[in-house]
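Presented below is the structure to which this report refers.
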Amino acid sequence: ILKRRGEIFREQYLPGLSSFPRTRELLERLLADGYELVVASSASGEDLEALLKKAGVADLITRKTSADDAEASKPDPDIIEAALSKAGCAPSEAVMLGDTPYDVSAALRAGVGVVALRCGGWDDQGLAGALAIFDAPAQVLDLYDETVFARSVAEKK
């Protein structure tokens, strides 16, 4: 069933997907500020690679974790913990960017602060527990100097 689900996703849904405006620009800003970008996705490894290529950000992401790296899917923290391990990072040193209640829950259960995005289709109530909630990547970028990302960089200086 999982194999067929992946085939259907890649054949019927992936071709129509695109990234949200300024997503790449936001990731480039995070990299410029010294963040290491690690993806923690509940997608299969094959689907994750396809999604990152489709979003035009595959070259920015050096470390990835997928459903292939964890026993359980979000909201269990397994994938977040695998990402932390790959980054050699303590939960208190990480900030996650997510767009579903499952992302928020998994991050919090792993001890990681999370910034949430409404563009995943969820409202503020569904994203409760996040450090901050923004509409989309472009808004994070527009207000970047007021975000936990900028504050963390300033505290390290």
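It should be emphasised that the depicted structure is a prediction, and the values quoted were computed from it without experimental measurement.
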Distance (rounded to the nearest 0.5 Å) between [X] [atom1] and [Y] [atom2]:
X	Y	atom1	atom2	value
L131	L108	CG	CG	8.0 Å
L51	R10	CG	CZ	10.0 Å
Y144	L26	OH	CG	7.5 Å
D103	S41	CG	OG	8.5 Å

*Find out if a path of hydrophobic residues (ILVMFWY) with successive side-chain heavy-atom gaps under 4.5 Å connects L37 to I79.*
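Shared cluster, no.
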When you measure from the side chain of [X] to the backbone N and O of [Y], does any donor-acceptor pair fall under 3.5 Å?
X	Y	value
K54	S18	no
S152	V148	yes
E93	A90	yes
Q139	D135	yes

Surrounding [atom1] of [X] (heavy atoms of other residues, nucleotides or ligands, distance under 6.0 Å), is the total greater than 12?
X	atom1	result
R151	CZ	yes
Q12	CD	yes
Y102	OH	no

*Should D124 and R118 be marked as a salt bridge (Lys or Arg N to Asp or Glu O under 4.0 Å) after you check the CA-CA gap, both sets of side-chain angles, and the distance that decides it?*
CA-CA 7 Å; D124 290 13; R118 293 181 192 100; 2.5 Å; yes
So does [X] pair up with [Y], basic N to acidic O under 4.0 Å?
X	Y	result
R24	D59	yes
D76	R109	yes
K86	D69	yes
R29	D145	yes

Quick one: closest heavy-atom pair of [X] and [Y], and the distance?
X	Y	answer
A107	I80	N-CG1, 4.1 Å
A55	S19	O-OG, 3.6 Å
V38	A83	CG1-CB, 3.6 Å
A110	E81	CB-CG, 4.2 Å

*F149 versus V140: any side-chain heavy-atom pair under 4.5 Å?*
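Answer yes - side chains close enough.
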*asked:* Going by side chain to side chain contact (heavy atoms under 4.5 Å, CB included), V39 matches just one of L97, T62, T65, L52. Which one?
replied: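 With V39 as partner, L97, T62, T65, L52 yield a single side chain to side chain contact (heavy atoms under 4.5 Å, CB included), made by L52.
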*Passing option when V104 is tested against D99, V115, L127 for side chain to side chain contact (heavy atoms under 4.5 Å, CB included)*: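 Among D99, V115, L127, the one meeting side chain to side chain contact (heavy atoms under 4.5 Å, CB included) with V104 is L127.
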